[in-house]
Every structure is written in C-alpha cells, then in structure tokens.
Amino acid sequence: FLPSFLPLRVCCWERLLLKSWSLLGFEVKSFLFQVQIYQLEEHKIETWRESYLQGSLKKLVSISPNDSLFDAVYSLIKNKIHRLPVIDPVTGNVLYILTHKRILKYLHLFASKLSKPAFMKKTLGELRIGTYRQVALVEETSTVFQALTIFVSRRVSALPVVNELGKVVNLYSRFDAINLAAQKAYNNLDVSVKEVLEQRWHCFENVLKCYAHETLEVIIDRLVEHEVHRLVLVDEEDVVRGIVSLSDMLQALVLSPAGLNELSLHHTGDPAQATGAGGP
C-alpha cells in the first residue's frame with residue numbers, strides 16, 4: 001500500500017518548498033514552514049490522514065473468500081486499485097491480498113489445461129490493448145521533483161525514461177520514489193532521474209519492451225516470466241508508442257470476452273448486471 005501515499009508525500013514537499021513555482025525553472029517565490037522536511041520521518045499515518053485526506057477518504061474495497069476470480073478482476077479494474085484484500089465476512093480478518101500480477105500468473109499457469117481463444121494469436125497492433133495516447137514520459141535529465149510531479153498530476157505508477165533522442169532507456173516507478181524514503185534522500189530532489197536510477201537497488205523493476213507485431217500470448221509470457229507490472233511499447237527505433245500493463249491484460253483476458261469494456265465498467269455497479277447488459 002506504500003505507493004498510495006506518494007501523492008501525499010509530494011503534496012507535502014510542494015507545500016514545504018514553495019508557494020508558487022515554475023515547472024521549467026523551479027522559481028521559488030516564498031517558502032512555507034508548516035512542517036520541516038526532516039520531520040517527515042516522525043509523522044504517523046494518522047497525521048497524514050487527518051492533514052491531507054480530509055473529505056477524500058474512500059471506503060475500503062474488498063471481497064470475500066466466496067467471491068469468484070471474475071469478481072476479483074472486475075473489482076480491481078473498476079476501482080482502479082492495485083491490491084484487493086480478501087476479508088473473512090465473519091471475523092473481519094484479512095485472509096489474502098490479491099494483485100493483478102498474482103491473478104495473471106495463475107491464469108498463465110493453468111492456461112495449458114484450457115483451450116486458447118483465437119485472439120491470443122493476434123498482435124498488439126490488431127487488438128490495440130494498452131495506452132497509446134498521451135503517454136506520460138520523463139527525460140533522463142529531468143529532476144526527481146519533476147518526475148514526482150508527473151506521478152501526481154497524471155496519476156500513473158511508472159514513467160518511461162527517454163534520452164535526448166526520445167528513445168526509451170529506463171523506467172522510473174513509484175517504488176523508485178519510495179526508495180528515496182528508505183535511503184533518507186528526500187532532501188535531494190534536484191538530482192536527475194538518470195543519477196538516481198544508476199544507484200537503484202537490483203531488485204527494482206527495469207524497463208522491458210514490446211512491439212506492435214508481437215502476439216498477446218507472447219506479451220503475457222513476458223510479463224509473467226519477468227514478473228513486471230508493465231511493458232513499454234516501442235517502435236523499431238525504440239521510441240515510446242504506448243504502455244501495456246497487467247490491468248490491460250486482465251481486461252483483455254477476463255472482462256472484454258464477457259462483454260465488459262472499460263466504458264461499461266464505469267457505468268455499472270454490478271458485474272452480473274453489466275455482463276447481462278452486454279450479452280446477446
């Protein structure tokens with residue numbers, strides 16, 4: 001759940017560092033001293049909730065052990081969440097945490113026992129799975145502060161890092177940003193993204209690419225094998241053309257065949273009703 005706190009942390013940084021600023025020049029006109037940045041380590045989750053989540057707290061989204069895997073996928077995608085707790089309806093205890101990655105891996109492991117649908121042999125170019133418009137990027141010479149600002153303003157969880165030629169060279173994710181706290185490096189936000197990634201821990205997700213001519217089956221194999229959350233869709237020159245995420249895969253594999261497209265997800269509260277509405 002740590003990535004969900006990133007907007008709060010950036011919001012705090014903005015309030016701490018400046019009242020008005022220029023994205024290009026970072027011109028600081030006045031400082032606010034509500035909380036000193038070094039006091040960040042002493043703050044509690046309760047403080048964050050009271051100070052920055054007033055009026056925006058949402059009900060916890062969960063499912064019960066008796067719900068189907070389809071219900072889990074529907075809930076994850078409809079609510080745009082990354083983790084779904086499975087809660088015992090009697091005790092209220094959390095039994096498991098479901099994620100896109102675990103569900104896709106499960107489907108991949110047992111796919112050999114099922115007949116593969118014809119669309120698995122179609123290419124990304126034919127299926128148009130993923131995000132192709134207004135893809136959020138960050139240049140490797142950009143500062144960490146600029147990257148954090150893009151995370152918050154665009155509400156994305158990772159940014160393809162491009163060089164001066166526009167070619168993808170790396171990936172900067174929210175987990176990289178959280179690593180700032182682990183290393184107590186949040187006072188140095190003017191360092192470049194390239195410098196930060198050069199010091200990245202080996203366990204962090206690196207950039208993996210895919211191409212429009214590759215089939216859906218190949219894409220799923222790559223996501224599961226490398227245990228990553230997304231692939232960067234590039235052309236033959238390594239220029240970014242889109243992003244293909246785990247959520248996109250589950251949408252294509254589970255919901256779309258049931259007649260649930262992204263538009264219907266935002267207009268229907270009950271997956272059973274939505275399936276009925278989209279069926280023959």
Side-chain angles (χ1 to χ4, degrees), residues 2-18 20-28 37 40 80 82 100 124 130-212 222-223 226-248:
L2 283 175
S4 62
F5 292 106
L6 182 60
L8 307 179
R9 193 178 296 276
V10 175
C11 177
C12 180
W13 278 331
E14 290 179 355
R15 294 190 181 188
L16 294 170
L17 297 176
L18 45 96
S20 60
W21 50 280
S22 166
L23 187 59
L24 295 177
F26 287 95
E27 179 185 358
V28 180
I37 194 70
L40 205 58
K80 297 182 178 181
H82 294 233
H100 299 81
L124 284 181
T131 300
Y132 295 86
R133 297 181 180 179
Q134 299 180 334
V135 178
L137 307 170
V138 66
E139 296 181 356
E140 60 181 352
T141 55
S142 299
T143 65
V144 170
F145 188 87
Q146 287 174 303
L148 295 177
T149 302
I150 297 173
F151 278 139
V152 175
S153 62
R154 297 293 300 275
R155 297 182 65 82
V156 294
S157 56
L159 297 169
V161 180
V162 298
N163 61 17
E164 68 277 3
L165 299 177
K167 296 184 178 183
V168 62
V169 294
N170 217 319
L171 189 76
Y172 189 71
S173 72
R174 287 193 175 191
F175 288 101
D176 289 304
I178 292 171
N179 191 35
L180 293 173
Q183 295 182 340
K184 299 184 179 181
Y186 36 72
N187 281 316
N188 191 19
L189 301 183
D190 59 349
V191 66
S192 72
V193 171
K194 181 179 180 180
E195 292 177 85
V196 170
L197 291 177
E198 288 174 348
Q199 302 173 14
R200 168 195 267 166
W201 294 352
H202 72 279
C203 59
F204 279 71
E205 181 177 337
N206 207 334
V207 62
L208 280 179
K209 296 174 284 189
C210 63
Y211 301 89
R222 188 171 303 153
L223 284 166
H226 294 278
E227 297 187 338
V228 294
H229 293 85
R230 65 201 57 81
L231 299 175
V232 180
L233 179 66
V234 298
D235 60 19
E236 298 303 325
E237 301 297 325
D238 274 349
V239 175
V240 179
R241 298 302 180 192
I243 296 287
V244 180
S245 69
L246 294 176
S247 179
D248 296 324

Here the pair of heavy atoms bringing L197 nearest to L171 is CD2-O, 3.9 Å

Does a donor on one side chain sit under 3.5 Å from an acceptor on the other, for S192 and E195?
yes

*Begin from the C-alpha positions of L159 and I150 and carry the test side-chain contact (heavy atoms from CB on, under 4.5 Å) through to its verdict.*
CA-CA 9 Å; L159 297 169; I150 297 173; 3.6 Å; yes

Atom CD of residue position E198 - does it have more than 12 heavy atoms of other residues, nucleotides or ligands inside 6.0 Å? yes

Taking the side chain as every heavy atom from C-beta outward, state whether R154 and Q134 have any atom pair closer than 4.5 Å. yes

TODO: Might you work through the side-chain contact (heavy atoms from CB on, under 4.5 Å) test for T143 and L189, ending with a clear yes or no?
DONE: CA-CA 7 Å; T143 65; L189 301 183; over 6 Å; no

* Asked: Parallel under 30°, tilted from 30 to 60°, perpendicular over 60°: which one fits the rings of F151 and Y172?
  -> parallel

Taken to the nearest 0.5 Å, the spacing of R174 CZ from H82 NE2 works out to 7.0 Å

d(L233 CG, I243 CD1) to nearest 0.5 Å is 8.0 Å

P160 and A136 have their tightest heavy-atom pair at CD-O, 3.2 Å

Looking only at heavy atoms, the pair that brings G242 and V135 closest together is CA-CG2, 3.8 Å

In this structure, CZ of R241 is separated from CD of E236 (nearest 0.5 Å) by 11.0 Å

Could you go through V168 and V239, starting from their C-alpha distance and side-chain angles, then the distance that decides it, and tell me whether this counts as side-chain contact (heavy atoms from CB on, under 4.5 Å)? CA-CA 6 Å; V168 62; V239 175; over 6 Å; no

* Asked: Do S173 and R230 have side-chain N/O donor and acceptor atoms under 3.5 Å apart?
  -> no

Between D238 and Y211 the two heavy atoms that sit nearest each other are OD1-OH, 3.9 Å

Inset, instruction - Check the pair C210, R222 against side-chain contact (heavy atoms from CB on, under 4.5 Å), reporting the backbone distance first and the verdict last. - result: CA-CA 9 Å; C210 63; R222 188 171 303 153; 3.7 Å; yes

| Quick one: does V161's side chain get under 4.5 Å of V207's, heavy atoms only? | no

In this structure, OG1 of T131 is separated from CG of D248 (nearest 0.5 Å) by 5.5 Å

- So do the side chains of V196 and D176 get within less than 4.5 Å of each other, counting heavy atoms only? no

Shortest non-hydrogen pair, S247 vs H100, comes out as CA-CD2, 3.7 Å

CD (E140) with more than 12 external heavy atoms under 6.0 Å:
yes

